[in-house]
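Structure, as structure tokens:
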Amino acid sequence: MLCGLPRPSFAALWRKTNAIKTSKYNPFTFLPLNLFEQFQRIANAYFLFLLVLQVIPQISSLSWFTTVVPLVLVLTVTAAKDATDDIVSKCVLLFPVLRLRSEKWMDVQVGDIIRLENNQFVTADLLLLSSSEPLNLVYIETAELDGLYNLKPAVSPLSRTLTYAGQKYPLDNEKILLRGCTLRNTEWCFGLVLFAGPETKLMQNSGKTTFKRTSIDRLMNVLVLCIFGFLAFMCTILAIGNCFWEMNEGSQFMVFLPRQDGNNAAFSAFLTFWSYVIILNTVVPISLYVSVEIIRLGNSFYIDWDRKMYFSRYNTPAEARTTTLNEELGQIKYIFSDKTGTLTQNVMTFNKCSINGKSYGDVYDYTGQRLEITKHTDTVDFSFNPLADPRFMFHDHALVEAVKLEDPEVHAFFRLLALCHTVMAEEKKEGELFYQAQSPDEGALVTAARNFGFVFRSRTPDSVSIVEMGEERSYELLAILDFNNVRKRMSIIVRSPEGKLCLYCKGADTIIYERLHQSCSKLMDVTTEHLNEFAGEGLRTLALAYKNLDEEYFNQWKQRHHEASTELDNQESKLDELYEEIEKDLLLLGATAIEDKLQDGVPQTIEQLSKANIKIWVLTGDKQETAENIGYSCNLLREEMNDVFIVSGNSPEDVRQELRSVKRLYHFKRTLGKGVKLIADELVNGEYGLVINGHSLAYALEGSMELEFLRTACMCKAVICCRVTPLQKAQVVELVKKYKQAVTLAIGDGANDVSMIKAAHIGVGISGQEGMQAVLSSDYSFAQFRFLQRLLLVHGRWSYLRMCKFLRYFFYKNFTFTFVHFWYGFFCGFSAQTVYDEWFITLYNLVYTALPVLGMSLFDQDVNDVWSFQYPQLYIPGQLNLYFSKKAFFKCALHSCYSSMVLFFIPYAAMHNTVRDDGKDVADYQSFALLTQTCLLFAVTIQLGLEMSYWTAVNTFFVLGSLAMYFAVTFTMYSNGMFLILPSAFPFIGTARNSLNQPNMWLTILLTSILCVLPVVTYRFLFIQLCPTINDKVRMDLLPKQHLPPPPLRTRIRRTSSRRSGYAFSHAQGYGDLVTSGRFLRRPALSGSSGFANIGRTTTGFSPMGRSAGYSPTGRPQNAKVPDDTTNKAILHKNILILYF
Amino acid sequence: MVKEEQELANRPDNTAFTQQRLPAWQPMLSAGIVIPGFVLIGLAFIGIGVALFVTSRSIQVLEFDYTGVDQNSPCFKCSDPKVLNCVCNLNFSIDSLFKGTVFFYYGLSNYYQNFRKYGVSKDDVQLSGDLTNFKTPSDTCSPYAYDSNNQPIVPCGSIANSMFNDAFKLYQIINGTNTLVPFDGKGIAWWTDYNIKYRNPSITPLKNAFNNTVKPIFWSKPAYELDTSDPANNGFINQNFLVWMRRAALPNFRKLYGRINEGDYAQGLPAGNYSLEIAYNYPVLSFDGRKKVVFSNVSWMGGKNEFLGIAYLVIGSMCVFMSIVMLIVYAKFKFPEEDGVPGH
């Protein structure tokens, strides 16, 4: 099927295949490349250096295998991990595709012509050649490319022309299928590959990912440096000791121990220094980094495996996309959240209404008790209406009855909804209507009317066709009194087929109420009650009213309107006056209540997180009213807050003024000195909220004001930034990161959140229906916002706890291990004699103590997940870095110093001048080594048991197994057989048998173990009694009720809400003009002759434009008039495009 | 059904492990465990401590420094390194029966057998009787691998070279006549050392194995003449050699020289006067070392060591004391359960 262009010519030109080379190795280069890469890591290079030291005979204080065995193991594990990563990244790119013969996507080259089938993923930039559809249209879903235009545009190839057979064909955007789209509703199409692999626009735009590291990582690096310093310090002390020893004793001891290199104390000290570097290197254990990686990997798997973070509706489990950030999830202080698609579902539903003083929408049982609406509640059957949208749900049968009974008010109500809007309808097939609403609220209202038998079918610039209860009627559209922010209402004037003139108006209740006729004051009272009820449930309300017009008056008004609209000066104010004039003495019809559906559990999650002392900032592209409303409905802003400040100034001065006035209220005291880089949280009495507008934010983020803004914002419980651009989102995150020593998390679902997801310490992507951009650049992804609390309060907290416990214990066990050498130095002439057997040194970290601590850091939990939710305060220690800090590290170094002294001096004193019970030697070096190492192993194992708060069978097995392993290995190594095989490698033959049968050996082991552990127990016990941490309190509290079922989580949240009109929440000005101008409608519905067309989003029936309407990438205010067709298209047609050829 | 299953294809497995619901024991440092625990440990330790202390007290030890630093010391005359083949007599008396079996040790102080370079200076392969290493001793033996004529030294290395070579004979003086108290120099080394670790080459006579090798520089006689009377105590398996080769962990140590377990002395050394004849060869004064001899008997817990008993007593009492302190603290400060957790 290689039609047209022969492959070789193209291949010669570009030779670009579609394989995106994310793999680094091939089988031959793997070993050298991987080793080279691994040795670039400081830790590995350090061990290589040690190995070099060990082969110098004058220095070598340990056999080479003590370093080689762990090093090889570590390198192998890492190499295996790298190799699997590499193989996996290769696999990802293998998509099958139909070609002349089926080929893998990675083999597709520039110049190939390929055939795509329905629902296939476009994985290269293609020039569309032909398709199965008439006029060579193809339908594509661009979800993956969502918001691509926000990103840096790729070098456009599209100015080029294609010359074929002597004819020039222009290449333009409309003929290009971009990688990342999905073919929909099109049987097949052919395309010529223009760009493949990394050259595709998607790949070019995916932005640079910065490497994220956790604060523990950074702390660890500092600590490792400190440890290196400390190591040098210890070695220096011992070297100096050696120098003195050589001068005072060693030189005399020459009789028995002559030196080839003469008697140079200084030189000997120099060599001793390096010898001790080798011996004491275990303070920086090589297995630390590997273990940390394993723990993080394990804890990431838990996230992937968590069924409670699996969302069955989309069949998406949670995913830890990075495996290196887990413990930071337990330290989050600030959450930056997107709104649409993250907090809300971006779905508006028509929930309730009040018509002529009667409220509809609630369901009552026969006793008159109001029922909670659930999935199982009966829905109204709309089968009487063939044009009904099957997805629309309503539960109150009374309303349908009222419609069927031809209640005139109810009819008028729905007629208004069907007529008064700017929605476009599209009928692809007879009876299959798709609405393109400019705001989702409107879409919901028109869909509601449609289902109740008032179907908006089509419109022309001067008419609106609706089907009223099965009867087709066409209304003459005489005027649209468009919406704007000040008017907060829209009206239309229509002439009915009977010739009656009528004005229909919908708008914010307060605004409508001012314009009602006195006659409806009674109705107003009842409706007001209903409105309050609706608002209390967090619904957005609109009031509807109408007015019959007098023909004569209208003609006169029309005349004035025409004059006003042609006037050049004061056009707008004149028009407003005219509108005011005609929109009065309206008659109230009722009110609607629309729910901007929050995702499940959002208010509870936010409440939980704020209890955990996490501050939540909502950064949204939405308008201020919408954002504020959502802030209230998801419990972020609360009525009981002392104040909610709104900063919406349009100049730097205004903004500064507004910020200052906020601060004045706090009785702000200036505590910040010059040059202070971090800002402490200031304590504020009372709860405040802050809402800041995009324009103001731009000023607030400027260098001179950012500190002021940050300080103000941080004093508020909740911060909402509305109408912000993606860039500003990132700037806000950066600002907090810069001045607050706090861990930030950004959560979002769309391409506009990518920048903030990448900027924050941790980025979370909501995986769901929207595009994949956010998920692709995120560190963690799941389907629902409510999973965030599980991610943080359970997984994050546990990960942090485990990592800290691991680090504390790991440093403890290695320091203890190492310091014993230090003490022994003073008794062996500072000769760098090891205390333990070399095999023990080799295996200590890898075999004897590896699994128990890994087990602890994979399974430990202080309290289980249910109680973690019950006590969100448990999260606070993580934010304050309490479990692992420099102080904690210092403490564990002191602790190991104590333990090592016990572990050296007790066996020293116990063995001094003593003998076995048969008089034979037991104070020899080998027995002493065995005794000390056994004491050490018992001490650190018991210490581990003390640290571990969650003993599963696996843990117990690991702990006991490791001890058993120690004895098994020791007895094997010290056995006759091993010695006979390799006498020089196993000189400890018989030591275990000859000394471990001595009671005083075991008494010494018992003594050291107890002596190491008792002070810790005492300290902890007294600490728990005297100043218990939150953790202790909760655990103590739970002790008696551990086996009781936990109390159920409160699911309902009390909400006292004032009335907020829903109108215009996501509505933009200017559509009235568009509708009447007719430009919109020039395109015949199906012909496809003029570029783009929108067929709405198939999932919801009308296309929720919330996101694109919410912000504009150019920073242009959204409600400015749309200048021309093209931009208009760009805003509207985003989910599904029709391409033609 | 099938459809539903397919829809949930990505649902994670519901196992206790993946859902982190593994059953577990969750111990806590609660007062109910800690305080009685401390009391129990304390009492147990005191018990062990008393037993150890009493046992240790019952062990008899007789110790004499014979370095000869002091002018009054009988071995003062031998302390001059120029004097060769010096013999001195150390006289002492025992008031009551020194219960047997009595072990006789020699001790060295300030002697760094645990010095790293000293410790590695031996060749285990050679000592296990491998003839290749007779000809080419391991590098670790340097500088005692070859002598000045480049002849291999067997046994090589500093440890072997510096073998303790003072000899002792004990006499009981009964009515002016000296009765020899025999030392049993066999069975003083570890079984494993004697039977496995150290082997003579399987060549008879043993002397032939040592052809083309030289004895260690400090030795007066070659290894195959260490005990010519008993082939099972000769060469590398000479028990005094084995004891020496098991190097000490600390710079002050004692090593077993012989047991007094024969004849009249099997039950111990009776009260009376004794004379220890010392062939004083081993120089220690140059590095300020000390030499001593020790008579001691043993118990179930080995040689005399009061440290363990005292340590157990002290720690046991501390445990009991701490448990009282904790009890007081617990009773006084125990955090009130009613206001338990803030915000709950």
Side-chain angles (χ1 to χ4, degrees), chain A residues 61 249 252-253 255-258 260 302 305 307 310 312 315 317 827-829 831-833 871 873 909-910 913-917 919-921 923-925 928 949-952 976 979 983-984 987 989-990 994 998-1000 1003 1007 1011 1017-1018 1020-1022 1024-1026 1028 1033-1035 1037 1039, chain B residues 7-12 14 18-20 22 24-26 28-30 34 103 112 114-119 124-125 128 143 158 162 190 192 196-197 246-251 253-254 256 259 283 286-287 298 300-303 305 307-308 311 315 322 326 329-330 333-335 340-341 343-344:
Chain A
S61 45
E249 317 244 346
Q252 272 91 48
F253 196 61
V255 192
F256 297 116
L257 188 69
Q260 300 102 309
Y302 284 134
W305 288 336
R307 272 163 87 95
Y310 167 78
S312 51
N315 189 23
F827 297 89
C828 67
S831 60
Q833 173 66 56
Y871 299 96
Q873 320 74 302
N913 279 345
T914 193
V915 292
R916 289 183 2 161
D917 55 5
K920 291 180 191 172
D921 216 351
D924 63 304
Y925 166 73
F928 183 74
S949 46
Y950 196 77
W951 287 77
T952 64
N976 305 348
F979 176 78
S984 52
I989 171 179
N994 282 299
Q998 294 301 304
N1000 59 351
L1003 287 173
L1007 184 67
L1011 211 50
V1017 176
T1018 316
R1020 293 211 180 150
F1021 179 81
L1022 291 179
I1024 290 175
Q1025 301 305 326
L1026 294 175
K1033 284 183 189 172
V1034 169
R1035 292 190 63 195
D1037 206 37
L1039 201 57
Chain B
E7 272 169 9
L8 302 178
N10 292 337
R11 176 139 71 158
N14 186 16
T18 54
Q19 303 308 312
Q20 306 197 62
L22 287 176
W25 173 54
Q26 290 178 270
M28 267 222 64
L29 290 180
S30 61
V34 174
F103 295 84
Y112 287 85
N114 61 5
F115 198 84
R116 176 168 56 89
K117 285 177 183 155
Y118 181 90
D124 279 320
V125 182
S128 67
S158 289
S162 58
W190 284 8
T192 44
I196 314 279
K197 195 172 179 185
R246 181 148 288 279
R247 65 193 180 103
L250 298 164
F253 58 90
R254 55 171 75 155
L256 189 54
R259 295 179 292 175
S286 63
F287 55 92
V298 296
W300 58 269
M301 56 160 285
N305 185 326
F307 170 79
L308 264 187
I315 291 163
M322 279 320 292
M326 283 186 212
V329 169
Y330 176 70
F333 295 96
K334 153 178 104 137
F335 70 82
V341 179
H344 186 66

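Naming convention: chains lettered A, B, ... in sequence-line order (proteins, then strands); numbering from 1 in each chain. Remember, predicted model here, so these are calculated numbers, not experimental data. Just so you know, these numbers use all the heavy atoms, side chains as well, and skip hydrogens, waters and symmetry mates.
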inquiry  = Under 4.5 Å from any heavy atom of chain A, what part of B/Ile196 do you find: side chain, backbone, both or neither?
reply    = both

note = Scored by heavy-atom pairs under 4.5 Å with chain B, the best of A/Pro983, A/Ala923, A/Gly919 is A/Gly919

query = Do A/Tyr925 and B/Leu250 pass the side chain to side chain contact (heavy atoms under 4.5 Å, CB included) test, and can you show the C-alpha distance, the side-chain angles, and the key distance before you say yes or no?
reply = CA-CA 7 Å; A/Tyr925 166 73; B/Leu250 298 164; over 6 Å; no

inquiry  = Counting heavy-atom pairs under 4.5 Å with chain A, which one of B/Pro12, B/Ser158, B/Pro283 comes out on top?
reply    = B/Pro12

key: Under 4.5 Å from a heavy atom of chain A, the part of B/Phe253 involved   = backbone

request  = May I ask you to name which of B/Leu256, B/Ile315, B/Asn305, B/Val298 has the most heavy-atom pairs under 4.5 Å with chain A?
outcome  = B/Asn305

task = First locate atom CE of B/Met28, then atom CZ of A/Arg1020, and finally report the distance between them rounded to the nearest 0.5 Å.
result = 11.0 Å

ask   = Ignoring hydrogens and geometry, is there a side-chain-to-backbone donor-acceptor pair from A/Gln833 to B/Lys117 under 3.5 Å?
value = no

remark   = With chain B, the option among A/Ala910, A/Ser831, A/Ala832, A/Pro317 that has the most non-hydrogen atom pairs under 4.5 Å is A/Ser831

query = Which atoms of B/Leu308 come close to chain A, meaning under 4.5 Å heavy atom to heavy atom: side chain ones, backbone ones, both, or neither?
reply = side chain

request  = Tell me yes or no: between the side chains of B/Ser162 and B/Tyr118, is some donor less than 3.5 Å from an acceptor?
outcome  = yes

query = Roughly how far apart are A/Arg1035 CZ and B/Gln26 CD, rounded to 0.5 Å?
reply = 6.5 Å

message = Donor-acceptor check, side chain of A/Tyr950 to backbone of B/Leu22, threshold 3.5 angstrom: yes or no?
response = yes

message = So for B/Asn14, is it side chain, backbone, both, or neither that comes closer than 4.5 Å to the heavy atoms of chain A?
response = both

ask   = Picking from A/Leu1011, A/Leu1007, A/Thr914, which has the most non-hydrogen pairs under 4.5 angstrom with chain B?
value = A/Leu1007

task = Considering only heavy atoms and a distance below 4.5 Å, find which of A/Trp951, A/Phe928, A/Phe979 pairs most often with chain B.
result = A/Trp951

remark   = Taken to the nearest 0.5 Å, the spacing of B/Gln20 CD from A/Tyr302 OH works out to 5.0 Å

message = For the CG atom of B/Asp124 and the NZ atom of B/Lys197, what is their distance to the nearest 0.5 Å?
response = 5.0 Å

request  = Of all the heavy-atom pairs spanning A/Gly829 and B/Tyr112, show the shortest one and how long it is.
outcome  = N-CE2, 3.5 Å

request  = Among the options A/Asn994, A/Asn976, A/Asn1000, A/Ile989, pick out the one with the most heavy-atom pairs lying under 4.5 Å from chain B.
outcome  = A/Asn994

request  = Specify which of B/Met322, B/Arg254, B/Arg11, B/Met301 makes the most heavy-atom pairs with chain A at under 4.5 Å.
outcome  = B/Arg11

request  = Specify which of A/Ala909, A/Pro999, A/Ser984 makes the most heavy-atom pairs with chain B at under 4.5 Å.
outcome  = A/Ala909

message = For B/Phe287, which atoms come within 4.5 Å of any heavy atom of chain A: side chain, backbone, both, or neither?
response = both

